[in-house]
Peer 1: 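Please read through the structure below; I'll follow up with questions.
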Amino acid sequence: MNRIELIRALPKAELHVHIEGTFEPELMFAIAQRNQIEIPYKSVEELKQAYNFHNLQSFLDIYYAGANVLVHEQDFYDLAWAYFEKCAEDKVVHTEIFFDPQTHTDRGIAFETVFNGLKRACTDAQVKLGISAELIMCFLRHLSEEAAFETLAQALPFKDQIIAVGLDSSELGHPPAKFERVFAKAREEGFLVVAHAGEEGPAEYVWEALDLLKVNRVDHGVRSEEDPKLLERLIAEKMPLTVCPLSNLKLCVVDDMAEHNIQRLLQQGVHVTVNSDDPSYFGGYMNDNFIAIAESLDLSNAELKKLAKNSFEASFITDVEKQKWMQQIDALA
Ligand code: HPA
Ligand code: ZN
């Protein structure tokens, strides 16, 4: 099998995707129209032209604006369903999806409306596509600790259906330490925990995510490379990093895909995985991310298989399920 065929054939788990970041312009226009909400772009083409980012914040401004057209439970269902269809095309067989309730509750949308729409799509993904899906609720780190506590309280009635809590949005100036107490409470309530750290923020934020938030995975984490002691720790603890190559390129975390550190990290023994982050905005879904790094970094078939295996190992599925996918990957040429 050649490299591209192998990428397409590999079963994969996606561990870092924001459902609001899968919102394709065509669906955004359709939902805006049915909800009679104006968007400040005349056409899909004009909207896509605005997808020209120079850092995380320049992306987030457009990402939050796009989410404003989501109002009804069916809107959240349609959003998630469109993503699951992409998963099916890319052989993503398991996914752990971030959602940002505060982006919606701050506009007067009920938590339940968001949750019920997403959950119903997850159930249908299993039944109709054979894709398993879990939900990870993220706190917006540019908002207050108090607002995060309120969001956690809203999630408690659904805690058996939300596998983990996470932390996203503007990283610089909003270190993990700001959310130490709310993460402690979330862990007490039985949630697993993840956090974005070391995307734009320094290695110090990754230390905080580990020591203060006690995360089960680090989202992005690519700036960990700047601190050899931190790398040693990540390797020793087999701490997964959910790396998002096209995102890093589009947000200028790296200047060129040929300079991306995912292969160096993999070769040093860091538990890296490949993910799409906000695929509608960053130019591609799971397989596009795999192809971009495979070609720019000349990844071997063995490295591609290792990345796919890492995705299941780092996921929150059972050990029995993990073994099943490992065997399927091993069986590929
Ligand atoms: N980083 C932080 N917050 C986000 C991102 C990201 O890449 N995507 C959506 N919210
Ligand atoms: Zn992200």
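Excluded from the calculations below are hydrogen atoms, water molecules and symmetry mates; all remaining heavy atoms, backbone and side chain alike, are included. Whatever order the structure lists ligands and atoms in, that order sets their numbers, starting from 1.
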Peer 1: Would you confirm whether the ring centroid of F76 sits within less than 6.0 angstrom of the ring centroid of F99?
Peer 2: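 Here the rings of F76 and F99 have centres that are no less than 6.0 Å from each other.
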Peer 1: Report yes or no: do D219 and T242 form a side-chain donor-acceptor pair below 3.5 Å?
Peer 2: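 Yes, because at least one side-chain N or O of D219 sits under 3.5 Å from a partner of the opposite role on T242.
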Peer 1: Under 4.0 Å between a side-chain nitrogen and a carboxylate oxygen: does that hold for K238 and E313?
Peer 2: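 No, this pair does not count.
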Peer 1: Measure from the ring center of Y281 to the ring center of H18 and say whether it is less than 6.0 Å.
Peer 2: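 Centroid distance Y281-H18: not below 6.0 Å, so no.
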Peer 1: CD of Q33: more than 12 outside heavy atoms within 6.0 angstrom?
Peer 2: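 Open: at most 12 neighbouring heavy atoms sit under 6.0 Å from CD of Q33.
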Peer 1: I need the protein N, O or S atoms closer than 2.8 Å to the Zn ion (ligand 2), given as residue plus atom name.
Peer 2: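 Protein N/O/S atoms under 2.8 Å of the Zn ion (ligand 2): H16 NE2, H18 NE2, H196 NE2, D277 OD1.
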Peer 1: Hey, would you say the F59 and Y63 ring centroids sit under 6.0 Å apart?
Peer 2: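 Yes; Y63 has its ring centre under 6.0 Å from that of F59.
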Peer 1: I need the contact residues for ligand 1: any residue with a non-hydrogen atom closer than 4.0 Å to the ligand, ordered by chain then number.
Peer 2: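 Contacting ligand 1 under 4.0 Å are H18, L56, F59, L60, Y63, D168, S169, H196, E199, H220, D277, D278.
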Peer 1: With N287 as reference, evaluate K12, E89, K86 under the side chain to side chain donor-acceptor pair (under 3.5 Å) test and give the passing residue.
Peer 2: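 Result for side chain to side chain donor-acceptor pair (under 3.5 Å) with N287: K12.
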Peer 1: Examine the side chains of D319 and Q323 and answer whether a donor and an acceptor come within less than 3.5 Å of each other.
Peer 2: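 The answer is no; no qualifying pair exists.
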Peer 1: Find out whether V218 and M239 are in side-chain contact, i.e. whether some heavy atom of one side chain is under 4.5 Å from a heavy atom of the other.
Peer 2: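 SC-SC contact between V218 and M239 confirmed.
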